[in-house]
Amino acid sequence: MGSTSAANNGTDGVGRRDLIKRSAALGLVSVPAMGFLSACASGGGSDNNEKAAAGKKTAQNPLGVNDTAQMEFVLFDGGFGKEYAEDATKIYAKNFPKAHVKFSATQKIQSTLQPRFNQGNPPDLIDNSGAEQMDMGVLVGKNQLADLTPLLDAPSYDDPKKKVRDTLRPGIVEMGQFDGQQVWILYYAYTVYGVWYSQKALDALDEKYPETWDQMLAVCEKAKKKGMAGWTYAGKYPYYLPFSLYPMIGKVGGREVLDAIDNLEPNAWKHPAVKACFEAYYELYRKGYVLQGTPGLDHIQSQTAWAKGKALFIPNGSWVENESANVIPADFNLAVSAPTGLDASDKMPFGTIWASGGEPFVVPAKARNGTGGMEQLRIMLSEASSKNFTAKVKSLTAYNGGTDGITLTPGLKSGVAALDKAGQNVVNPRLQDWYVQLQKEKIGVAGLGEMMAGRLTPAEAIKKIQGFADEAAKDSSIKHYKHQ
């Protein structure tokens, strides 16, 4: 979903994330998004963007980049900032001194790039994240993106004996696929989603992180008596709730329940595991364990309240450490845990977590210098660039390594430990990149947001969300995807 925050504190966006995405008004996600997607996906506009001639392939230039062609890179200016990307463009410029590198960063990906997609002259590389993230499913379905297989099969930046694909974390390549073998997206960050908290605050309650829901309610009750809410979340962007709710559903019912939801199967949302988890979360609202006013808070406001000790737990992605760095106290001892389950009857063990690629990078099919865009990604997937990213933004990358010699921050260290504990019990729901509008506006805002604000019961929310999913499944204008 990508990182999200505003100005130096984050962005308006996951994928981050992007994914998340997010400080922009929801209107930017809905009506303009549809206008963009219909225009962009149509492939309309004049194709006046003549392709740069291919360069000569050499050991130092395995993709055959034209060493005099301009390479344009547009980055989502989110919770990860832009310094890491600027550093990587300097390496590109050094390697191709005759080429002009044009770099820019924006929180308005859709607004900025809509006209250029329509006119057939998009940039060469895009970090497609934030509240105005372009719908990946639509872009793929309408042939707007280049297949990144040439990049993945190229020699890695550090070791010519290894392909780029062989240096990536498990699941990164598969995440970029929608159907078939083509890879349309390279998720650069590696995000750990879960329940984030202050270990110091939990220790002050003389409690350990709760593994069952009865234990969760007991911890929240204890916090409440101390004047601290159990939970808060991005109330204005309640599609953050799935960061802990979806893996809980997988833990309770098995990963096949999440697959059925992703596949838009009939009655997938009516599975007993979904019902049980919705009722569990609703109990947080019903018992008064959610910070008062949370439905009116955006991601920055909720994270700030949490960092100030007004709430114990918050569902989020690992970008939160960097995004909230200016408000998290030095002795906070940031930690993340896999979601609490129901009880011993859960299908998957405690530790089951959602971890996957974040910050989706794409090369447009009509980019003038798409090969240059891929080369920029190849540079970013080097060990040095990966270490630079991790050191500066407190997050892992898709590169499988890059932490040697780096002093890990508390949140990052906790995230690595959570991944170690999960082992093979890592789930990766695909709704947020297959069906962006369904996930954000309908399931998130109109379903979960209304339920957690007390305006829908769990049964009503499930019925409403199943209806949204059924509509999407029947919509012939939407490209549909399924787990292979």
Side-chain angles (χ1 to χ4, degrees), residues 1-4 14-20 79-80 129 167-177 185-197 209 211 239-252 254-255 257-259 261-262 313-323 334-341 346-361 381 386 389-390 393-403 408-434 439 483:
M1 159 138 313
S3 63
T4 63
V14 210
R16 115 38 180 158
R17 52 209 169 42
D18 86 154
L19 143 130
I20 328 322
F80 294 139
S129 192
T167 68
L168 303 179
R169 293 183 186 277
I172 291 294
V173 171
E174 291 76 13
M175 273 200 72
Q177 297 172 330
I185 306 163
L186 193 291
Y187 288 87
Y188 185 66
Y190 194 73
T191 302
V192 176
Y193 300 99
V195 181
W196 293 78
Y197 60 97
Y209 184 85
E211 296 189 10
Y239 39 85
Y240 277 55
L241 287 165
F243 296 158
S244 57
L245 178 58
Y246 283 0
M248 181 184 182
I249 291 171
K251 180 185 187 312
V252 173
R255 63 178 78 236
V257 180
L258 295 177
D259 287 354
I261 288 172
D262 288 341
F313 299 121
I314 190 169
N316 221 311
S318 47
W319 62 78
V320 70
E321 184 169 23
N322 193 58
E323 188 170 69
L334 179 64
V336 62
S337 176
T340 303
D346 293 352
K347 293 287 183 67
M348 299 180 74
F350 176 73
T352 298
I353 201 166
W354 180 0
S356 64
E359 290 309 296
F361 282 75
L381 291 167
S386 179
F389 177 88
T390 298
V393 308
K394 310 177 185 71
S395 180
L396 300 173
T397 74
Y399 176 80
N400 197 2
T403 58
L408 301 182
T409 55
L412 186 54
K413 185 176 181 179
S414 180
V416 171
L419 288 174
D420 288 343
K421 181 175 180 61
Q424 297 300 310
N425 298 306
V426 175
V427 296
N428 184 11
R430 300 303 303 276
L431 277 180
Q432 71 174 15
D433 47 287
W434 284 357
Q439 164 69 8
H483 286 274

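In this text, all values refer to a predicted model and were calculated from it rather than measured experimentally. Counting from 1, the numbers follow the sequence of the chain as shown. Scope of the values below: all heavy atoms of this structure, side chains included, with no hydrogens, waters or symmetry mates.
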Item to complete: Apply side-chain contact (heavy atoms from CB on, under 4.5 Å) to Ile314 and Val195, showing your working.
Response: CA-CA 6 Å; Ile314 190 169; Val195 181; over 6 Å; no

With a 3.5 Å distance limit and no angle check, can you tell me whether Thr167 reaches the backbone of Tyr399 through a side-chain donor-acceptor pair? no

With sequence neighbours left out, the residues meeting ring-ring contact (aromatic ring centres under 6.0 Å, His included) with Tyr209 are Tyr197, Phe313

d(Asn400 CG, Ile172 CD1) to nearest 0.5 Å is 9.5 Å

Residues Asn425 and Pro349: closest non-hydrogen pair is ND2-CG, 3.3 Å

Taken in chain and number order and not counting sequence neighbours, the residues that satisfy side chain to side chain contact (heavy atoms under 4.5 Å, CB included) with Glu174 are Gln177

Could you tell me if the side chain of Val427 sits less than 4.5 Å from the side chain of Tyr246, heavy atoms only? no

By salt bridge (Lys or Arg N to Asp or Glu O under 4.0 Å), Lys251 pairs with (sequence neighbours left out) Asp346

Residues passing the side-chain hydrogen bond (donor to acceptor under 3.5 Å, both in side chains) test with Arg255, sequence neighbours excluded, are none

Rounding to 0.5 Å, atoms CH2 (Trp196) and OG (Ser337) come to a distance of 10.5 Å

What pairs of donor and acceptor atoms, side-chain ones from residues 408-422 against any protein atom, are under 3.5 angstrom apart with sequence neighbours left out?
{"from": "Thr409", "atom 1": "OG1", "to": "Glu321", "atom 2": "OE1", "distance (Å)": "3.0"}
{"from": "Thr409", "atom 1": "OG1", "to": "Glu321", "atom 2": "OE2", "distance (Å)": "3.1"}
{"from": "Ser414", "atom 1": "OG", "to": "Val336", "atom 2": "N", "distance (Å)": "2.9"}
{"from": "Ser414", "atom 1": "OG", "to": "Val336", "atom 2": "O", "distance (Å)": "3.3"}

task = Go through Asn428 and Trp354 one step at a time and tell me if the side-chain contact (heavy atoms from CB on, under 4.5 Å) criterion holds.
result = CA-CA 6 Å; Asn428 184 11; Trp354 180 0; 3.6 Å; yes

Residue set satisfying side-chain hydrogen bond (donor to acceptor under 3.5 Å, both in side chains) with Asp262, at least two apart, ordered chain then number -> His483

Exercise for the section: Report yes if the side chains of Pro242 and Gln439 come closer than 4.5 Å at any heavy-atom pair, otherwise no. Expected result: yes

Sequence neighbours excluded, the answer for side-chain hydrogen bond (donor to acceptor under 3.5 Å, both in side chains) partners of Ser395 is none

For Arg430, the salt bridge (Lys or Arg N to Asp or Glu O under 4.0 Å) test, sequence neighbours excluded, returns Asp433

Ile353 and Pro339 have their tightest heavy-atom pair at CA-CD, 4.4 Å

| Side-chain donor/acceptor of Asn322 to backbone N/O of Lys394, under 3.5 Å | no

What one should report as the nearest heavy-atom pair of Ala189 and Phe80 is CB-CE1, 3.7 Å

For Ser386, the side-chain hydrogen bond (donor to acceptor under 3.5 Å, both in side chains) test, sequence neighbours excluded, returns Thr397

Residues passing the ring-ring contact (aromatic ring centres under 6.0 Å, His included) test with Tyr190, sequence neighbours excluded, are none

